Amino acid sequence: MHSSDDTGKTTLHAPQKDASSGLLTVRDFERAARAALSAMAYDYYRSGADAERTLRENLRAYRRWQIHSRVLVDVSRLTLETEILGAPVSMPILVAPTAYHKLAHPEGELATARAAARAGTIFTVSTLATTSLEDIARASKGPLWFQLYVHKDRELTRSLVERAEAAGYRAIVLTVDTPVLGRRLRDVRNGFGLPNGLVMANLVDAKVAAGASGSALHRYIASRHDASLSWRDVAWLRGITRLPLLLKGIVRPDDTMLAVDAGAAGIIVSNHGARQLDSAPATLDVLPRVVEAAAGRVPVLVDGGVRWGTDVLKALALGANAVLLGRPVLWGLAAAGEAGVLRVLDILRDELATAMALAGCPSLASIDRALVERRPR
Ligand SMILES: Cc1cc2nc3c(=O)[nH]c(=O)nc-3n(C[C@H](O)[C@H](O)[C@H](O)COP(=O)(O)O)c2cc1C
Ligand SMILES: CCCCC(=O)C(=O)O
């Protein structure tokens, strides 16, 4: 990758070492992020709902699978490039939508967008970004998707979609697992909200300031988001935009069929990083069923608990077209801004490339179901 300190230029000062250069894994980044963040911000990013059973399950599910390598396959030329809904990406690893990037770093979503563009992948911008969707689009040459939360105020919802379309976003990701907000206990105890100066930049009059007791985010969602959202609204949404629509938060085959019938262009298997329904299944566990139900009609993506390149390989072997990263990107951002996000994406890319080489898979197409088996009990 290009960085200002490998140009060979002599400077008066020793080149500033990138703050993330000693960090080798997503786990290293989480540790560095924790040191850099306020306890309130770290807790918000890290937490799952309630007892955090699903949070642990998302990670454990990956440990239940083993990779059975094919040997003596020429892996001297690996290709990780692929295409998702017509957008070429350098690898099957995308950036999931997460709220409030300025809580992690002053450059916020602009840093994330630039890093994703440099990594050659898609950044999904959250409705709850702390930078406006237009500013993000201006700052990034990379492909962007817009994640939509449907508000009770449908004109506001419509205007978000129209703004995303006008700003050049390439898809709408409708999150369907959040009629109400899950209960994240730390946020309640910490009185979670945004510090002074940070705003939800796409929603001018919205306020989630910290200060009162309980989670300000929880109160905000309860008052503004539309818990009546149903399949009928998916048809409405399809009618107001030309952009392809992905449904994010599906864990069942029957919902997959309904989504395809409703005109979804893609499915994201997700339990919202275990932040909504505790006791939801691990996403990797339900992925094969969703893939079967989709039957190749639309791409199936998955998120939740992806921390290693081998995790990506397992998800692809079980039928995913790509994975998305939530917290790992936030850890990169908190630890070192744009450079940190880029490092996290490059680490996952390198780990995936190494895993593919060692497993005898020179291309994404060569990764098949026979590559993985459940670990013997
Ligand atoms: C701090 C945080 C904020 C999130 N904000 C959003 C959001 O605004 N919209 C959304 O659809 N999903 C949101 N998610 C869920 C992510 O898109 C994704 O599903 C999840 O983080 C994937 O799991 P992982 O963090 O284990 O990679 C959020 C997740 C986290 C951790
Ligand atoms: C409606 C949810 C607000 C942000 C979010 O998705 C999260 O904190 O998980």
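Here the structure is a predicted model, which means the values were calculated and not measured. Residue indices begin at 1 and follow the sequence shown. All ligand and atom numbering here is 1-based and tracks the order in the structure.
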How far is [atom] from the closest protein heavy atom, and which atom is that?
| atom | result |
| --- | --- |
| atom 8 (O) of ligand 2 | Y44 OH, 2.7 Å |
| atom 3 (C) of ligand 2 | L128 CD1, 3.3 Å |
| atom 5 (C) of ligand 2 | H272 NE2, 3.6 Å |
| atom 2 (C) of ligand 2 | L181 CD1, 3.3 Å |
| atom 1 (C) of ligand 2 | I221 CD1, 3.2 Å |
| atom 7 (C) of ligand 2 | R184 NH1, 3.3 Å |

Nearest non-hydrogen contact to atom 14 (N) of ligand 1 from the set A104, P97, P328 belongs to P97
Closest heavy-atom approach to atom 3 (C) of ligand 1 among G48, G249, A99, A129 is made by A99
* Hey, quick one: are W236 and W231 part of the same hydrophobic cluster, counting side-chain heavy atoms closer than 4.5 Å, chains of contacts allowed? -> yes
Ligand 1 atoms in contact with [X] (distance to a heavy atom under 4.0 Å):
| X | value |
| --- | --- |
| L330 | 1 (C) |
| T175 | 10 (C), 11 (O) |
| Y45 | 1 (C), 31 (C) |
| T98 | 2 (C), 3 (C), 4 (C), 5 (N), 6 (C), 28 (C), 29 (C), 30 (C) |
| S126 | 7 (C), 8 (O) |
| S270 | 19 (O) |
| A96 | 17 (O) |

Is a donor from one side chain sitting under 3.5 angstrom from an acceptor on the other, for Q276 and R184? yes
May I ask you to decide whether E373 forms a salt bridge with R64, counting only side-chain N to carboxylate O separations under 4.0 Å?
no
- Task: Considering only NZ, NE, NH1 and NH2 on the basic side and carboxylate oxygens on the acidic side, decide whether D226 and R154 come within less than 4.0 Å.
- Result: yes
Q) Using the ring of each side chain (for Trp, its six-membered ring), is F192 parallel, tilted or perpendicular to Y100, with breaks at 30° and 60°? A) tilted
Quick look: T175 vs ligand 2, heavy-atom contacts under 4.0 Å, and the answer is neither
Counting heavy atoms under 4.0 Å, the part of T98 that contacts ligand 2 is neither
Exercise. Could you tell me whether ligand 1 has any atom less than 4.0 Å away from a heavy atom of R46?
Key: no
Does Y100 come within less than 4.0 Å of ligand 1, judged by its heavy atoms?
no
Checklist entry - Quick check: does any side chain N or O of R289 sit under 3.5 Å from a backbone N or O of V251, one acting as donor and the other as acceptor? => result no
* Asked: Does H225 come within less than 4.0 angstrom of ligand 2, counting non-hydrogen atoms of the residue?
  -> yes
Only one of R118, E81, R349 passes side chain to side chain donor-acceptor pair (under 3.5 Å) with S90, and that residue is R349
So for Q147 against ligand 1, with non-hydrogen atoms under 4.0 Å, the contacting part is side chain
